[in-house]
Amino acid sequence: MSISTTSTSRSNRKAKGDGHERRAEILTAAERIFVESGYDGATIRKIADEVGLSSTALYMHFADKSEILNEICRNTFERLAERNRSILADTEPSLARLRRIAESYVAFGLEHPNAYRLAYLTPTAETRHGAETIAQKAGGELFEAVVSVVEDAVEQGVLRGDARIQAQVIWACVHGLVSLLITKPYFDWADREVLIRTQLDVLFNGLAAR
């Protein structure tokens with residue numbers, strides 16, 4: 001009887017695999033659990049059960065759940081930065097690059113809603129374990145990259161006004177759109193592509209130099 005019970009218990013656990021793959025599985029599961037249960041409700045046991053690990057096995061990959069949340073936020077900002085690098089390095093006109101950055105930002109948020117919510121919409125009380133610091137540093141670097149392109153556009157005379165204010169307006173606009181679409185899915189939204197395109201048209205036409 002004891003042999004059968006042990007065998008059944010072990011069969012519910014995943015076999016050892018590549019450490020990098022296992023960390024990725026943990027992060028993916030944790031994204032959903034953090035969003036559904038909040039930081040306090042997302043226990044190590046819940047996350048471990050989701051990926052078929054024991055709590056002890058999970059601790060071999062992450063020291064605690066704050067480290068998991070921090071890693072999710074860090075990866076989110078890095079993936080956003082990676083998307084921006086090729087756009088920033090392009091030689092096309094600055095206004096076209098800004099439009100592509102905005103489109104890429106919206107697309108990323110809609111493709112990775114849980115990661116986006118944790119990086120940008122997590123309550124301050126839940127980021128006290130380091131996620132807020134990561135957001136300030138990595139998110140700040142992303143924003144400064146946008147400012148640099150806006151500065152180019154202002155110098156070229158295609159955008160008007162203060163570059164930093166312009167950059168904040170662009171970010172506020174795209175962040176607001178992503179936030180509404182992923183947190184209010186029940187609303188009777190217009191066709192998503194048309195909605196995004198129309199908002200960006202209004203944004204950049206409004207900022208353009210006359």
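Numbers here simply count residues along the sequence, with the first being 1.
- Shown here are the side chain to side chain contact (heavy atoms under 4.5 Å, CB included) partners of L180, two or more places apart in sequence or in another chain: K184, W189.
- Contact of the R22 side chain with the L53 side chain is registered, since non-hydrogen atoms from C-beta on lie closer than 4.5 Å.
- Under the side chain to side chain contact (heavy atoms under 4.5 Å, CB included) criterion, A172 pairs with no residue at all, not counting sequence neighbours.
- For T198 (side chain) and L195 (main-chain N/O), no donor-acceptor pair under 3.5 Å exists by modelled atom type.
- Under the 4.5 Å side-chain heavy-atom criterion for Ile, Leu, Val, Met, Phe, Trp and Tyr, V35 and I72 are members of the same hydrophobic cluster.
- F143 is not connected to V154 by any chain of hydrophobic side-chain contacts under 4.5 Å among Ile, Leu, Val, Met, Phe, Trp and Tyr, and they are in different clusters.
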- Message: One pair to check against side chain to side chain contact (heavy atoms under 4.5 Å, CB included): L203 and V169. What are the steps and the verdict?
- Response: CA-CA 9 Å; L203 170 65; V169 168; 3.9 Å; yes
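- Residue pairs meeting the salt bridge (charged side-chain N to carboxylate O under 4.0 Å, His left out) criterion with at least one partner in residues 161-170, sequence neighbours excluded, are E144-R164.
- Between L207 and L98 there is no side-chain heavy-atom pair separated by less than 4.5 Å.
- Shown here for L118 and F34, the closest heavy-atom pair between the two residues is CD2-CB, 3.6 Å.
- Taking every heavy atom of both residues into account, A42 and S37 meet most closely at N-CB, 3.9 Å.
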- Item | Derivation and outcome, side chain to side chain contact (heavy atoms under 4.5 Å, CB included), residues R117 and T183 | CA-CA 9 Å; R117 288 174 72 143; T183 61; 4.1 Å; yes
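- When atom types are taken as modelled, the side chain of K65 and the backbone of A30 share no donor-acceptor pair closer than 3.5 angstrom.
- Annotation: the span from T28 atom OG1 to I47 atom CD1 amounts to 11.5 Å, rounded to 0.5 Å.
- Here CD of E71 is found 11.0 Å from CD of E78. Values are rounded to the nearest 0.5 Å.
- Residue pairs that meet the side chain to side chain donor-acceptor pair (under 3.5 Å) test with at least one member in residues 86-109, sequence neighbours left out, are D90-R100, E92-R100, S94-Q156, R99-E103, R99-D201, Y105-Y116, Y105-W171.
- Follow the hydrophobic side-chain contacts under 4.5 Å out from F204 and you never reach V147; the two are in separate clusters.
- Here the closest heavy-atom approach between residue Y59 and residue D64 is recorded as CE2-CA, 4.4 Å.
- Note on R32 versus E36: salt bridge recorded, some NZ/NE/NH1/NH2 to OD/OE distance being below 4.0 Å.
- By the side chain to side chain contact (heavy atoms under 4.5 Å, CB included) test, E193 pairs with D191, sequence neighbours left out.
- A chain of hydrophobic side-chain contacts below 4.5 Å, direct or via other Ile, Leu, Val, Met, Phe, Trp or Tyr residues, connects V146 to I165.
- Between the side chain of Q199 and the backbone N or O of C173, at least one donor-acceptor pair lies under 3.5 Å.
- Across every non-hydrogen atom of G109 and I182, the tightest pair is O-CG2, 4.0 Å.
- With values rounded to the nearest 0.5 angstrom, L121 atom CG is found 11.0 Å from N114 atom CG.
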- Task: Evaluate side chain to side chain contact (heavy atoms under 4.5 Å, CB included) for V158 paired with D152, printing each intermediate quantity in order.
- Result: CA-CA 9 Å; V158 294; D152 289 343; over 6 Å; no
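- Residues I68 and I44 come closest through the heavy atom pair CD1-CD1, 4.1 Å.
- Transitive grouping of hydrophobic side chains (ILVMFWY, heavy atoms separated by less than 4.5 Å) brings F187 and V178 into a common cluster.
- The pair E141-R85 fails the salt-bridge criterion, with no side-chain N (NZ, NE, NH1 or NH2) lying under 4.0 Å from an Asp/Glu carboxylate O.
- We find that R79 and E82 are not joined by a salt bridge, their nearest charged nitrogen and carboxylate oxygen being 4.0 Å or further apart.
- Evaluation of the side-chain hydrogen bond (donor to acceptor under 3.5 Å, both in side chains) rule for Q168 yields no partner, not counting sequence neighbours.
- In this structure, V150 and A163 approach most closely via the heavy-atom pair CG1-O, 3.4 Å.
- Atom-to-atom distance recorded for E50:CD and E31:CD is 12.0 Å, nearest 0.5 angstrom.
- Between H175 and Y120, the two ring planes are tilted [angle within 30° to 60°].
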- Task: Report the C-alpha distance between L110 and I196 in whole Å, list the side-chain angles of each, state the deciding distance to 0.1 Å, and finish with yes or no for side chain to side chain contact (heavy atoms under 4.5 Å, CB included).
- Result: CA-CA 11 Å; L110 298 180; I196 294 169; 3.9 Å; yes
